[in-house]
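Notes to accompany the following structure.
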Amino acid sequence: MTISLPDGSSRSLEEGSTAFDLAADIGPGLAKASLLARVDGIEVDLNAPLVDGATVELITEQSDDALYTIRHSTAHVMAQAVQELYPGTQLAIGPPIDDGFYYDFELPAGQTLSDDDLGAIEDRMREIVKANQPFERHELAVDDALAFFADHTFKAEIIEQVTGGSRDAELADEVGSADMISYYKNSDTFLDMCTGPHVPSTGRLGHFKLMKVAGAYWRGDTDRPMLQRVYGTAWTNKKALKAHLNRLVEAEKRDHRRLATELNLVSWPEELGPGLAVWHPKGATIRRLMEDYSRERHDSGGYDFVYSPHIAKSVLWETSGHLDFYADGMYPPMEMDGATYYPKPMNCPFHVMIFRGEQRSYRDLPLRMFELGTVYRYELSGAVHGLMRSRGFTQDDSHIFATREQLQDELASLLAFVLSVLRAFGFVDFQAKLSTRPLEKSVGDDDIWDEATEGLRLALEAANLDYVVDEGGGAFYGPKIDVDIKDAIGRAWQLSTIQVDFNLPERFDLEYVSSDGSRQRPVMIHRALMGSIERFFGVLIEHYAGNFPAWLAPIQTRVLPVSADHADYAHDVVQQLKAAGFRADTTEPNEPLGKRIRRSKIEKLPYILVVGDDDVAGQTVGVNKRGQNDPERDVSVSAFIERLRVEVADRVLDLPEPAAADAE
RNA sequence: GCCCGAGUAGCUCAGUUGGCAGAGCAGCUGUCUUGUAAACAGCAGGUCAGGAGUUCAAUUCUCCUCUCGGGCUCCA
């Protein structure tokens, strides 16, 4: 039979040959290095028989394409180790994920795992790897499979679900085709239902580490059993594993909760309750600068600034539909003066009230309202996380009311505006998601959904943004774009969202008078840019690793006199800096200079200026820029002020190099 | 909310097989007057998260509550 290769060449092989035979035919080195094959675009085991005419690509152990399979196979090895150490363990699912893999187990007699157990599991895994057990694929008809897996409660449920028509992607990954059930066996005692493919044998694995134990509900359903989930990471080689572990260490160092404490920005007094923070002067300064910048941009961007109260009567939330659809996320009601009030979980109904407050003409549209609106949401207590997820947070919220004709242009300029503001904070790497009309019930006719969705798509194209389409992922009231940013160490954060809404204008019966005198219904667009000021601040801390650029730094420069003789001059320089509009301070020279330098460096100040005899004589300063070890001496005060002025005006970033990811 | 883990000085952390609670940094007071990442001495700082139980004795063991962390779910 004849097999084609990706480079266009072809090879003749004997009938019944496998991808491994093909690799061996090409060369022994390739045969040794190959882990799996992609046959006509589908990944299969190396020992799967090939058919005549197929195009076969061999995937070797150093290829990133092998990662998914390596992780999947490693998950099997972990399951085997856990079953051997805890006989009677039921296996649920064990997929590969972004950085590694996990497997969900139900241990016998309600046993649970803790991190202390990971070492023993990992040791057992290494023994299995050392034993180099082959992964053997077997297939069964559905009925046979049901009988075969009758004692495997979770596996049997999966078989029933995938053969009962209720397939979804995750389940399909786990068992694949619904007419045949496959399983893999790699010893007399271990097998697991799985579509594969897998690496040829356990000996091909090894660059892994078990990370943590967690609880996870079966099928993510809080009403189903709580399983023990073990997370691990696995890579193609030792260096990649080490690089990943280094990234985690780097991320730990950047943790905004740690830096917020060290830099005295924000704290979470226990007395306030979960997810509630107070902002200290330095954190508040940064926040004010962020907000001021946002206001400036919205002002020049054609937005009208509005304010709204923190609570409103229940009728507002009944009309908006929040009490029907969002009650779980709302704070409990307050009874006052015979009425029921709720803290606001969103700002939109207030902005709708402002729109409805007067008769609107098409000449008023698009009408863009902007508010830094603080909302309260009853997040699960286990879900709050520093500034990233809190129970009270401030949205940089905007609602745009537009005519249907204006919708597409407005969406394009909105997205451009959002990206422009994000870029000012130093984010350059974006990933967008376009969510389209859900299959279930939704409001609005087909035409308007198509127009809005197309408008969002065109906006993404015009912005030249990478995006994925989440078919059916939109809200019932309209399609949306979510924008993820990637921070300095490659983590993704969802920040901005642009959502078209056909529902609220309907519910509140909004209208404007059109040029022909008829009454028309406007379209509403919800837009959050930073999303939540608190979360954005948290992301910035981690993105900058605490090194806020000069335009945001709470103290931009500190002037240190070498000795008491220079204290007056230091004060003089501080006054000059302040007069030029900068945030500067000085310290009394009652400690050695080295110590004062050290303290200031720990505070991650952008500039430390040292002044001594030479500087007093020459009206100069010694400039120590953050991240640089050698001071620049004899810089004139005016030159430094000009330099800082430019750096602030241009919002120069000054990001430190993340610790080299693959450092040995 | 649920599963697992944790809570010791303002911060970072030791420690107690149940027997007077420890360090470094930060703070305060002195001395030192300093040219680039930690001067010296002293002082002060704690209901060992809170409550209950076991015990001659609990920071340590048990239970409950609160808070935090890792997840699940949801989302900004």
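Side chain of His385(A), nearest nucleotide from rG69(B), rG1(B), rC32(B): rG69(B). Of the listed nucleotides (rG35(B), rU36(B), rC75(B)), rC75(B) has the atom at the smallest distance from the side chain of Arg389(A). Of the candidate nucleotides rU67(B), rA37(B), rG35(B), rG35(B) has the atom lying nearest to any side-chain atom of Val562(A). Checking rC11(B), rC72(B), rG35(B) against the side-chain heavy atoms of Val610(A) singles out rG35(B) as nearest. In this structure, the nucleotide among rA76(B), rC2(B), rU36(B) sitting nearest to the side chain of Leu593(A) is rU36(B). In this structure, of rC75(B), rA37(B), rG35(B), it is rA37(B) that holds the atom nearest to the side chain of Lys601(A). The side chain of Arg535(A) approaches rA76(B) more closely than any other nucleotide in the set rA38(B), rU34(B), rA76(B). Of the candidate nucleotides rU33(B), rC72(B), rG35(B), rC72(B) has the atom lying nearest to any side-chain atom of Tyr217(A). You'll find that the side chain of Arg377(A) is closest to rA76(B), out of rU36(B), rA76(B), rA37(B). Listed candidates were rU36(B), rC11(B), rU33(B). Nearest to the side chain of Ala564(A) is rU33(B).
Contact check, Ser381(A) against rG1(B): a side-chain N or O comes under 4.0 Å of OP1 or OP2. Side-chain N/O atoms of Arg257(A) include one lying less than 4.0 angstrom from OP1 or OP2 on rG70(B). Neither OP1 nor OP2 of rA38(B) sits under 4.0 Å from any side-chain N or O of Arg596(A). Not one side-chain nitrogen or oxygen of Lys212(A) sits closer than 4.0 Å to the OP1 or OP2 atom of rG70(B). Close to rA26(B), at under 4.0 Å from its OP1 or OP2, lies a side-chain N or O of Lys595(A). Between Tyr102(A) and rG70(B) there is no side-chain N or O to OP1 or OP2 distance below 4.0 Å.
For Phe325(A) and Phe476(A), the gap between ring centers is short of 6.0 Å. Aromatic ring centroids of Trp279(A) and Phe537(A) lie under 6.0 Å apart.
In this structure, rC32(B) forms no base pair with any nucleotide, since neither Watson-Crick nor G-U wobble geometry is met with both distances under 3.5 Å. With a cut-off of 3.5 Å on both pairing distances, the Watson-Crick or G-U wobble partner of rG24(B) is rC11(B). Base pairing of rG5(B) is made with rC68(B), judged by Watson-Crick or G-U wobble geometry with both donor-acceptor distances under 3.5 Å. With a 3.5 Å ceiling on both atom-pair distances, rG46(B) lacks any Watson-Crick or G-U wobble partner. Using the Watson-Crick or G-U wobble rule with both distances under 3.5 Å, rU55(B) pairs with nothing in any strand shown.
Residue Glu262(A) is out of contact with every strand shown, counting any heavy-atom pair closer than 4.0 Å. Among the atoms of the strands shown, base atoms are found under 4.0 Å from some heavy atom of Asp613(A). Within 4.0 Å (heavy atoms only), Gly220(A) reaches sugar-phosphate atoms of the nucleic acid but no base atom. When heavy atoms are screened at a 4.0 angstrom cut-off, Gly538(A) is found touching no nucleic acid atom at all. As judged by a 4.0 angstrom heavy-atom cut-off over every strand, Pro561(A) is placed among residues making no nucleic acid contact. Within 4.0 Å of Asn590(A), counting heavy atoms only, lies at least one base atom of the nucleic acid.
Arg224(A) forms no cation-pi arrangement with Tyr217(A), by the criterion of a distance under 6.0 Å to the ring centre and an angle within 45° of the ring axis. Cation-pi geometry between Arg391(A) and Tyr378(A) is satisfied (NZ or CZ under 6.0 Å from the ring centre, within 45° of the ring normal).
With hydrogens and angles ignored, a donor-acceptor pair closer than 3.5 Å exists between the side chain of Asp615(A) and the base of rG35(B).
Taking every heavy atom of both residues into account, Leu605(A) and Arg626(A) meet most closely at O-CB, 3.4 Å.
Toward the 5' end of RNA chain B, the nearer of the two residues Tyr326(A) and Trp268(A), judged by each one's closest nucleotide, is Trp268(A). Mapped onto RNA chain B by nearest heavy atom, Met530(A) and Arg599(A) fall at different nucleotides, with Arg599(A) at the one closer to the 5' end.
Between the side chains of Ser308(A) and Glu371(A), at least one donor-acceptor pair of N or O atoms lies under 3.5 Å. Side-chain atoms of Glu106(A) and Thr89(A) form no donor-acceptor pair, as typed in the model, at a separation below 3.5 Å.
rG71(B) has no stacking from Tyr231(A) on its base ring, since the centres under 5.5 angstrom apart and planes within 30 degrees of parallel are not both found.
In this entry the distance linking CD of Glu591(A) with C1' of rA26(B) reads 11 Å, nearest Å.
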